[in-house]
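Note: hydrogens, waters and symmetry copies are ignored here, and every other heavy atom, side chains too, is used. We name chains A, B, ... by the order of the sequence lines, and we start the count at 1 in each one.
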Amino acid sequence: MKPVNAMPAALTVTRPGRAQPFADVVAENLDAVYRYLVYLTGDRVAAEDLASETFEKAYRGWRKFDPHRGAPRTWLCRIAHSVAVDWFRAEARRTRREDTYMRDTEMIHESVFADGLSPELDQALHRLTPAEREVVALRVLLELDGPSAARVLGISQTACSTRLSRALTRLEEEVGDVRE
Amino acid sequence: MSASEFEGHEAVVAQLRAGTLDAPAHLHRRVLAGGSVKRRRWADMSGRRRLFLVVPIAASLAVGAALVNAAVSSGPSSSPRSEAGKRSVFGQFPTGPPGPVGGLGVAGATGPQGATGSTGATGPQGPTGAAGLNGPTGATGPTGAQGPTGATGIHANYDVATAAGHTPLRAIKGFAAGKDAVSIPANRLVHADAKLEVIVASHKALTDATNNASHIVTKLGGYAQSIQYQATRSGYGIAYLDLRVPLRKAEVGIERLGALGRLASQQVTTQDLERTFSQQTNSIDSLQRRIVIYKQALESGTLSNSERIATQIRLADAEHQIKGTRKARSQTVISGRTADIALTLTTSRQHAATVVERKSGDSGRFGRFLHNAGSFLAVEGLILLYILIIVGPIVLVGALAWWVMRERRRREERLLAANA
C-alpha cells in the first residue's frame, strides 16, 4: 500500500459520526479496487480509468455512505462493478463497430492480472469469463466474505458460491490444459 | 470466509494470492486530485434532503404570496373603490360589500320595439342619462307622446357598483327610497316590467321581506304570481318573487319593494301599447264592417248558390277573426294596466361581514386580511390539487418506466458480466 502524500484538504473532511476520512478510504482500498477492476476487465489501462471514475463517484456519494450497511470496500466494489458494467456496455457497442481481433490477440499474450503469476495461470485467467474472474477477485484476492461479494455482484449468496466454485474448477482445468 | 469454499482449490488460490498488483503511483495522484474537485452541493444532496428543503420553501412562498395579496387587497377603510368593487351586480348578486357612491347611471334608451315588431325608430327617445356619482342625473326618458310608431320605451338600468369596505348607506337608502326612481307614464296604455334586487341582512329579514313584499302588492291591488324561497344553513338565502301590480301603482310598488332592504340593482322597462291597441281596434272595426256587408249580401237573395257559399265562408272567417282580435285587445288592455315586478331578495355574507366590520372598527381590517389570505390559500390549494390530478398519472407512468429501465439494466448487467 502506497503512502498518501500531499493530500487535498477536501479529502480529509470527516463526516460527523464517521471516524474515517475519505483519504484514508482511498489509501486503504485503491489497490484492492484496482485489482478487482483489472480482473474484471482484463485491461490495466481501462482498470485505471475505471478506478479513477469509481473513486470520483465514491467521493461524490461519500456523505451518503452508511458504514452500518457495509464496509467501505464492499461499497467501493459495488460502485466499481456498476462503472465496469457501463464500460462493458460501451465496449460491446464498440466491438460491434470495430474488428477487435488484434486487440484480443494482444491481450492474450500480455500478462495483465498480476505480477508474479505463472504464464499458465495468467492465460487461464484470460480464458475465464469476466463474471468468473470477478468472483475470483472478490473472494480470493480482496477476501470479501460471501454476503458482501454476493451484494457486489447483485446475486444470491448461493449463486455466488456456485460461481466461485465453478470458476476455480475451470481455472484449474485451464491451467492443466495450458501445461499439457 | 468459509474455508470449505476453497477446499480442493488451495493450490490455485495460493498461486493467485502470490501475485502482486498495486495501483500505479500516477493513479493514486489522479484519484486524490479528482477528489479535490469542488463538491456540487445540490447534486450530492439526497432526494429526501431535497424534499425537506423544497417543501418548506414552497410552503413559505405560498403563505407569503397569500399574505402579500391579503395586505394589498384589504387596504385601509378610507381607500377608494377597489377593483373588486367595480363589479356590476346587475343580473347577479353582489359579491362584495357595497360601494361608497353607487356609481349610478341612467340610460334613456332608444325606443324599443313596438308591439307589432317594428322598431320605434321615429318615436321620441328618452334622453341619455348621464352617469353620475351621486345617483342618476339623467332624466328619465318621457314616453313617446304621440309618436307615429306609438311604441316608445324607457330602459332604465341601475347598477350599484360595490366596493370592499365601503357602504354609504345613505346613498343606497336614498336610491332605495325611490328618489331616483323611473317615472312610469299613467296617461297612456303602457306595460311596465321591473326587476329589483334587494339585499337583506339575515334569514329572518329575508323571511320578513318576502312576506312584506306580498302584503305590499296585495295592498296596492296586485298579487304575487309566484314566490320561490331558498335558505341554507350557511346563512345564505334567496327569494324570487314574480309580482303584478296595477300600472298606476307601479312606481309606488317599486319604491316600497326597494325599501325592503338595500337595493342592489333596479331595472325598469316600459312598452307603449297604444299603437297595438289602436291597430287592434281598427282591425275590429274593419271586420265589423265586413261582417255587416256579408250579412246584407246574404239577406239580399241576389247571390247565386256558389257565391252564397263563398260569402258564408268569408263571414265565418271574419267572425272568427273578430273574436280573436277582441280577445287580443282585451289582453293588451290588461297588460297595459299592469306592471310585472320581478323581485329578488337575498342575504349576502359579504354584507353581513361589512356590518360586523362597522361595529368592530379597526379590527375589521384584520378580519378582512385573514379572510383574503384564507381565500388566496384556498385558491393555491385548488391549483395544487389540479396540478396533482394532472401530473399524478404522468408521474406514475414515469415511475413505471423508470422501474422497467432498472430491471432491464439489471438483466443487462448480468448478461454482460457473464458473457462479455
Side-chain angles (χ1 to χ4, degrees), chain A residues 1-2 4 6-11 22-23 26-27 30-31 33-35 38 40 48 51-52 55-56 59-61 63-64 81-82 84-85 88-89 91-92 113-118 121 125 129-132 134 136 139-141 143-146 153-155 161 164-165 168-169 171-172 175, chain B residues 1-53 403 405-420:
Chain A
M1 197 121 357
K2 288 182 171 54
V4 179
M7 194 181 299
L11 293 178
F22 188 72
V26 174
L30 180 57
D31 291 332
V33 171
Y34 175 67
R35 288 184 82 177
V38 168
L40 184 55
E48 283 182 23
S52 177
F55 279 92
E56 190 182 334
Y59 181 69
R60 291 193 188 286
R63 287 177 186 274
K64 286 185 255 181
H81 173 84
S82 174
V85 166
F88 274 116
R89 189 178 290 117
E91 280 291 289
F113 296 108
D115 299 325
L117 285 184
S118 64
L121 186 56
L125 280 170
T129 66
E132 289 167 338
E134 183 180 26
V136 168
R139 295 300 313 276
V140 178
L141 302 179
E143 299 184 1
L144 293 187
D145 57 11
L153 296 172
I155 57 177
S161 296
L164 174 66
S165 175
L168 291 174
T169 305
L171 194 60
E172 285 174 339
V175 169
Chain B
M1 186 182 297
S2 61
S4 60
E5 285 185 297
F6 302 127
E7 208 172 294
H9 309 292
E10 290 85 357
V12 73
V13 168
Q15 283 184 54
L16 286 167
R17 286 179 176 166
T20 56
L21 181 66
D22 291 335
H26 65 265
L27 181 59
H28 276 271
R29 287 195 295 274
R30 187 171 154 189
V31 169
L32 293 173
S36 63
V37 175
K38 195 173 182 180
R39 294 176 63 84
R40 293 179 296 177
R41 294 186 69 84
W42 179 257
D44 295 342
M45 208 176 281
S46 67
R48 197 183 299 173
R49 278 170 178 264
R50 286 181 198 172
L51 200 68
F52 282 139
L53 193 67
W403 182 79
M405 292 288 285
R406 197 185 68 163
E407 287 300 309
R408 192 176 167 187
R409 180 185 163 86
R410 282 187 171 180
R411 203 177 302 126
E412 278 183 4
E413 280 178 11
R414 291 188 200 109
L415 283 171
L416 283 168
N419 303 321

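- Nearest heavy-atom pair, Gly8(B) versus Glu172(A), reported as atom, atom and distance to 0.1 Å: O-OE2, 3.3 Å.
- Comparing Leu27(B), Val13(B), Val12(B) by heavy-atom pairs within less than 4.5 Å of chain A, the highest count is held by Leu27(B).
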From CA spacing to verdict: side chain to side chain contact (heavy atoms under 4.5 Å, CB included), His28(B), Asp31(A): CA-CA 9 Å; His28(B) 276 271; Asp31(A) 291 332; 3.5 Å; yes
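- Annotation: the span from Leu21(B) atom CG to Tyr34(A) atom OH amounts to 5.0 Å, rounded to 0.5 Å.
- Gly19(B) and Arg35(A) get closest at one heavy-atom pair: O-NH2, 3.1 Å.
- A heavy-atom distance below 4.5 Å is found between the side chains of Leu125(A) and Leu16(B).
- The minimum heavy-atom distance between Arg17(B) and Arg139(A), with the atom names listed, is NH2-O, 4.0 Å.
- Expressed to the nearest 0.5 Å, how far CG of Leu164(A) lies from NE2 of His9(B) amounts to 7.5 Å.
- Shown here for Leu30(A) and Ala23(B), the closest heavy-atom pair between the two residues is CG-CB, 4.0 Å.
- In this structure, no portion of Val33(A) lies under 4.5 Å from any heavy atom of chain B.
- Proximity of Val140(A) to Phe6(B): side-chain heavy atoms (C-beta onward) are separated by under 4.5 Å at one or more points.
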